[in-house]
Structure formats: C-alpha cells, structure tokens
J.: 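Got a structure for you, questions after.
Each chain gets a letter, A, B and so on, in the order its sequence line appears, and its residues count up from 1.
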Amino acid sequence: MDGDQKTSADFFEVAGKRFTSRLLVGTGKYKDFIETREAIEASGAEIVTVAVRRVNISDPKQPMLMDFVDPKKYTYLPNTAGCYTAQDAVRTLRLAREAGGWNLVKLEVLGDQKTLYPDIVETIKAAESLIKDGFDVMVYTSDDPIIAKTLEKIGCCAIMPLAAPIGSGLGIQNPVNIRLIIEEAKVPVLVDAGVGTASDAAIAMELGCDGVLMNTAIAAAKDPIRMARAMKLAVEAGRLAYLAGRMPKKLYADPSSPLAGLI
Amino acid sequence: MQIILNGEVRAVAQGLSVSALLTELGIDTRKVAVERNLEIVPKSAFETTALAEGDRLEIVHFIGGG
C-alpha cells in the first residue's frame, strides 16, 4: 500500500461510527453564529461539541446554534462543561440525549474554577452511571495513564486527556504521559484542551493521538477562520508524520550529500 | 397556578400541558428537551403531560460550547 492509499483509508472509529477528520472543534466563544459556521467549515471537522443550557424564555425567537450548524451534517457532541458533580453531569447529558436523540456524549466533570482540572472521582462515578444507561461516553480526563486505563475499563469509548488547562493555549505539557496513554489504550485517544496553535496540534498527532479537540485556539485567534484551516492542516500533517515514522534523533551531524566523489 | 420555569416563578393556566406551554412560549419543540421535577419528559409525552402547581420545569437546548 502506498502512502496516498494509506491516507485516503485513514479514519478513526468511535462508538461504531467512522470519522475521517481527526480534528474535533468546539462551538463556543465565537463572535456570532456566522463566524462559528465558517470556522467549523474551514476546520473540516465532522464532530462539534455543544453545551446544554436553559432556553431564554423571555426571547425564545433568538437564533439558535442548530439553525447555523446543521446537526444532520455535523455530529453534535454534547458536553457537560460547567458541571462540578457526577449528578449534574448525568442530568445534563440525559437532557442532551432527549434534545438531540443520540447517545454519543462528551463527559467532563470539573474540579475547580481556577484550573478547570477534571475531578476524576466524580468523572468515574458519572461515566459508570452513563454507560449503564446506554450512553457512548467520550471522557475528558487528566493526563494520568492509570486513570486513562481505568476509564477505558469501565467502558468509555474514547479517552480525552488534556494537553494543558482548558482555554490556556499552553500546548502539550506532558508528552511522555500522552504517549503512555496512547500505548496502553485500545480505544481512541484524543487530546482535548490546552492546544494553542498549529504546532501543538501537530505534536499531539505525531505522538500518535487519534485526534485533537479544541475550541479556544481557533475562536480566540485574531482570524479564527484562518486558524481553523491551519489546525486542519496541522492535524493532517501530524498524522502523516506519525504514519510515515520519523527519523531517529541523533546527537551529532550526519551529512545529507554523499562523501564519495568529493573533488 | 404557579410553576418554576427555568428558575423563575411563572403563572400558567391550570392543567396546562407541556406541549401547550411550549406553544405559548413560542418554542420549537424539536430543538429542546424538557425536565419536570428532575425527570425527563419525553417528546412523545409533551401532549399528555399536564403541569401541576409548584412543578419545577427546565427547558434546555444546545448552545455553542467547547
């Protein structure tokens, strides 16, 4: 099989569904719904995360996300952003399932407002309850390989360790752990949160991640549409580099031109 | 009678159904989910579910998020 064929057949599978785009994007923090739609289009993403919130009763005619980002075209991945207990997260996702009619969800249970670091005890509790209830759970977690394995064992369909705190744009802080998680996992591993720019996304993919999920890195760029395209290319480039297999690192130089025939 | 709708007190007609309430509010039923006293009201039951005094109702939808 040559490289091109390999790429065209390249996909990852989650909850029995195949996706060819390895870039997943959030739909928050954009200037308006037009910009949201354009950025998502430029990113080439097939899965988009969405939040579940109260309808504005005083003005129900306000434009809704669904009017701009077609749930038939994109796979909506409802999240539990803002939930600090397993109970709140489960409640939110049950409502999401009723609103959307599908089982694939992103679980995140946060520990505190300053770091938005995941509360693993509550995350595990919520994951167990959701899986029992028939949900396909993609789970946001810390970059701890043991916890990642635990979440896989209880039945999560994708493990999503953070690169750095949500919205920080600091890039992958612990590539060693991300690699350890990937090595041990039999379900897709996606870096979720903390990516800042295109090279961060490429590094995640070069480590062997199945995908990258981001929101702020695109939405908070000066030109979100252009950054969305940059991220698309970075994820593709990183994936190709991973499949191609990088050269070994060496301590000293090694000339690229042959030494034989030197005048 | 009074119900708590998305955290706010609201006066509605006695025995109003969930579906009638959504129509009254001008909300597209296809785009929302409804929870009544912490239990989901399935879309198929919007017509037949009558609200009672003091019910706590949550009407939610999808918004932009990461």
J.: Based on non-hydrogen pairs under 4.5 Å, which of L213(A), T27(A), V25(A), N215(A) is most in contact with chain B?
T.: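 Heavy-atom pair counts peak at T27(A).
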J.: Which residues from residues 57-66 of chain B are near chain A, with near meaning under 4.5 Å between non-hydrogen atoms?
T.: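 Answer by number: E58(B), I59(B), V60(B), H61(B), F62(B), I63(B), G64(B), G65(B), G66(B).
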J.: Which bit of Y30(A) comes within less than 4.5 Å of chain B, counting heavy atoms only: side chain, backbone, both or neither?
T.: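 For Y30(A), no heavy atom lies under 4.5 Å from chain B.
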J.: Step by step, would you call R10(B) with I57(A) a side-chain contact (heavy atoms from CB on, under 4.5 Å)?
T.: CA-CA 11 Å; R10(B) 190 179 182 97; I57(A) 299 295; 3.6 Å; yes
J.: For chain A, which residues from residues 28-39 of chain B have at least one heavy atom closer than 4.5 Å to it?
T.: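 Result: R30(B), K31(B), V32(B), A33(B), V34(B), E35(B), L38(B).
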J.: Against chain B, label D67(A) side chain, backbone, both or neither, depending on which of its atoms sit under 4.5 Å from a heavy atom there.
T.: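 Contact with chain B is through the side chain of D67(A) alone.
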J.: Return yes when atom CD of E47(B) has more than 12 non-hydrogen atoms of other residues, nucleotides or ligands closer than 6.0 Å, and no otherwise.
T.: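 No, because the 6.0 Å sphere around CD of E47(B) holds 12 heavy atoms or fewer from other groups.
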J.: Counting heavy-atom pairs under 4.5 Å with chain B, which one of R94(A), K61(A), R91(A) comes out on top?
T.: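 With the most close heavy-atom pairs to chain B, the winner is R91(A).
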J.: Hey, are the side chains of N56(A) and N6(B) touching, using non-hydrogen atoms and a 4.5 Å cut-off?
T.: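 Result no, sub-4.5 Å side-chain heavy-atom pair not found.
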J.: Would you indicate whether R229(A), at its atom CZ, is surrounded by more than 12 heavy atoms from other residues, nucleotides or ligands within a distance under 6.0 Å?
T.: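 12 or below, so no.
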J.: Taking CD in E53(B) as the centre, count heavy atoms belonging to other residues, nucleotides or ligands within less than 6.0 Å. Is the count above 12?
T.: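 Count over threshold, so yes.
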J.: Determine the option with the most heavy-atom pairs under 4.5 angstrom with chain B, choosing from G26(A), G82(A), A99(A).
T.: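 Counting heavy-atom pairs under 4.5 Å, the top option is A99(A).
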J.: Using non-hydrogen atoms and a 4.5 Å limit, figure out which bit of A219(A) sits close to chain B: side chain, backbone, both or neither.
T.: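 Contact with chain B involves no heavy atom of A219(A) at all.
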J.: Answer with side chain, backbone, both or neither: which region of K106(A) has an atom nearer than 4.5 Å to a non-hydrogen atom of chain B?
T.: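 The side chain, not the backbone.
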J.: Between L24(A), T36(A), T49(A), which has the largest tally of heavy atom pairs under 4.5 Å with chain B?
T.: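 Among the listed options, the one with the most contacts to chain B is T49(A).
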J.: Which residue out of M64(A), E98(A), R54(A) racks up the most heavy-atom pairs below 4.5 Å with chain B?
T.: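 Most pairs with chain B among the choices: R54(A).
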